[in-house]
Amino acid sequence: MTNDTWGQARETLQTTIGKNNYQTWIEPLTFVSCEGGVAEFGVQTSFQGDWVSRNFGDEILRQFDKLGEPVDRLKFSVQSNRPRMAAATKPSPTPEKFLKKSAQITNAPDETILGAPLDKRFTFDSFVVGKPNELAHAAARRVAEGGPVSFNPLFLYGGVGLGKTHLMHAIAWELQSRSPELRVVYLSAEQFMYRFIQALRDKQMMDFKSLFRSVDVLMVDDVQFIAGKDSTQDEFFHTFNALIDQQKQIIISADRAPGEIDGLEERIRSRLQWGLVVDLHPTDYELRLGILQQKVELYRSQYQELKISDGVLEFLAHRISNNVRVLEGALTRLFALASLVGREITLEMAQESLADILRQSDRKVTMDEIMRKTCDYYNVRMSDLLSPKRSRNIARPRQMAMWLAKQLTQRSYPEIGKRFGNRDHTTVIHAVRKIDELKAQDSQVAEDAEMLRRMLEA
Ligand code: ADP
Ligand code: MG
């Protein structure tokens with residue numbers, strides 16, 4: 001294979017993985033060689049290679065395949081001839097704690113047929129405890145101690161990315177290390193259904209039943225998935241009861257409280273509430289900051305020195321949403337950035353490289369706030385903003401407010417028009433264009449837009 005083929009593959013990757021990903025991860029790769037089915041690329045840090053491999057490896061292979069290139073493996077080697085990195089790079093061990101794919105290990109062989117692999121990074125040690133999750137954490141700890149079953153089931157619930165799966169894996173790891181003889185099985189409700197259907201199809205229901213009834217601890221993640229899937233629910237219910245009867249510990253998670261899961265049979269719903277139901281609350285600032293600090297420490301201990309200006313982590317904790325996964329994503333991008341630029345990450349750099357994430361997780365700005373702030377800023381009356389008046393000193397603020405509404409809210413053109421004194425959507429489109437144009441020509445307008453945007457986002 002030649003650099004040319006890689007060039008072609010890169011072309012397509014731009015669209016398949018998105019421009020942002022492409023620029024951050026694919027562009028910096030240097031093609032080294034392709035021999036014996038192994039395509040080798042130069043990277044600047046092992047982290048970069050691991051990340052590309054984990055997230056885009058399959059896609060890259062697919063592109064090669066499409067181009068008729070017989071590549072079955074990708075190899076990433078750190079190019080040491082980059083002086084600015086050389087001093088900072090520690091010999092990198094496998095980045096187990098960061099990278100899911102390489103971090104996954106399988107359970108004891110006979111459990112693998114039942115359960116899903118556990119993520120090595122998800123332990124109690126790496127779980128940061130704060131007000132929003134302290135109860136869930138304490139309950140998980142209690143269950144992980146083993147011993148007589150005190151609450152059964154333990155039902156953990158909370159929004160996406162708040163740590164449910166992490167806690168479940170942590171329980172499994174802890175139980176396994178304390179009592180290796182225990183049969184601890186973790187799987188998602190989806191996998192449970194899949195196994196169930198497979199057993200039905202292969203006429204192995206007896207095996208299925210006896211296998212699930214012989215475990216000591218059963219953990220089923222994201223149980224809301226089986227809502228509305230009647231025969232799976234039924235089987236789950238029987239498994240559940242059989243295990244509870246035998247005093248075996250069950251741990252369930254869901255994205256909602258049992259009572260709020262639609263399509264769940266009443267008998268299951270009430271069973272799920274028998275034990276202890278605890279929720280993970282949305283993260284708060286302190287917890288987010290704690291998580292960020294911990295991840296930075298981990299990165300430093302595993303990869304390389306990392307210099308981040310004061311205030312950057314605080315800024316992220318302040319601005320990024322509840323979902324810890326999003327927070328981690330932002331941080332990962334900063335790590336990549338740091339390894340590419342090879343110097344301290346400033347607040348400005350962070351803001352720039354995370355612009356899209358920041359925008360997405362911005363707290364919701366309302367139309368009302370936009371109109372009020374714009375009126376204050378230009379010193380015009382709200383009634384004028386909504387009136388048919390078209391004099392420049394009123395029309396311009398109105399256009400600016402429409403522009404801001406388009407930038408900062410999810411509202412459509414017609415919706416925005418409606419709020420501005422029942423104007424047509426074409427008026428809004430025109431206003432947005434006008435401000436975009438003016439911003440490019442007139443520094444005062446650009447400054448106004450920036451000021452207002454900042455005020456609204458603060
Ligand atoms: P859920 O299952 O609730 O959707 P996960 O358990 O998958 O969320 O967590 C999403 C990501 O955030 C994981 O990488 C997890 O390690 C991390 N995470 C969530 N909460 C914490 C926490 N309190 N401390 C450290 N990492 C956390
Ligand atoms: Mg989960």
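Residue numbers count from 1 along this sequence. Numbering of ligands and ligand atoms starts at 1, following listing order. Values below: every heavy atom of this structure, side chains too, minus hydrogens, waters and symmetry copies.
Side-chain atoms of D202 never come within 3.5 Å of backbone atoms of A199 as a donor-acceptor pair (strictly under, hydrogens ignored). Although no hydrogens or angles enter the test, the distance criterion places a donor-acceptor pair under 3.5 Å between the side chain of E369 and the main chain of T366.
Backbone and side-chain nitrogen or oxygen atoms of L162 are examined, and one is located within less than 3.5 angstrom of a nitrogen or oxygen of ligand 1. At under 3.5 Å, a nitrogen or oxygen of K164, whether backbone or side chain, sits near a nitrogen or oxygen of ligand 1. Polar contact with ligand 1: absent for F127 (N/O pair, distance under 3.5 Å). Considering backbone and side-chain N/O atoms, G163 comes within less than 3.5 Å of an N/O atom of ligand 1.
Summarising the geometry, atom NZ belonging to K418 is positioned 13.0 Å from atom CD1 belonging to I416; distances are rounded to the nearest 0.5 Å.
L408 approaches I370 most closely through the heavy-atom pair CB-CD1, 4.4 Å. Shortest non-hydrogen contact noted between W403 and V432 is CD1-O, 3.6 Å. For A317 against L292, the heavy-atom pair with the smallest separation is N-CD1, 3.7 Å. Considering every non-hydrogen atom in both L29 and R10, the closest pair reads O-NH1, 4.2 Å.
When heavy-atom distances to ligand 1 are checked against a 4.0 Å cut-off, V129 has no atom that comes that close, whether in backbone or side chain. Using a 4.0 Å cut-off between heavy atoms, K295 contacts ligand 1 through its side chain alone, with no backbone atom that close. Of all the heavy atoms of S126, the ones lying under 4.0 Å from any atom of ligand 1 belong exclusively to the backbone. Contacts between I291 and ligand 1, counted as non-hydrogen atom pairs separated by less than 4.0 Å, involve the side chain only.
Ligand 1 places these atoms under 4.0 Å from at least one heavy atom of N133: 23 (N). Close approach of ligand 1 to V128 is summarised as follows: ligand atoms under 4.0 Å from at least one heavy atom of the residue are 22 (C), 23 (N), 24 (N), 25 (C). Counting atoms of ligand 1 from 1 in the listed order, those under 4.0 Å from a heavy atom of V160 are 4 (O).
Residue contacts with ligand 1 include G161, since one of its heavy atoms falls under 4.0 Å from the ligand. Under the 4.0 angstrom criterion for non-hydrogen atoms, H169 is not in contact with ligand 1.
A salt bridge is absent between E265 and R269; no separation between the charged side-chain nitrogens and carboxylate oxygens falls under 4.0 Å.
Ring-centre distance between W6 and F41: below the 6.0 Å cut-off.
For the Mg ion (ligand 2), the N/O/S atoms of S188 include none lying under 2.8 Å.
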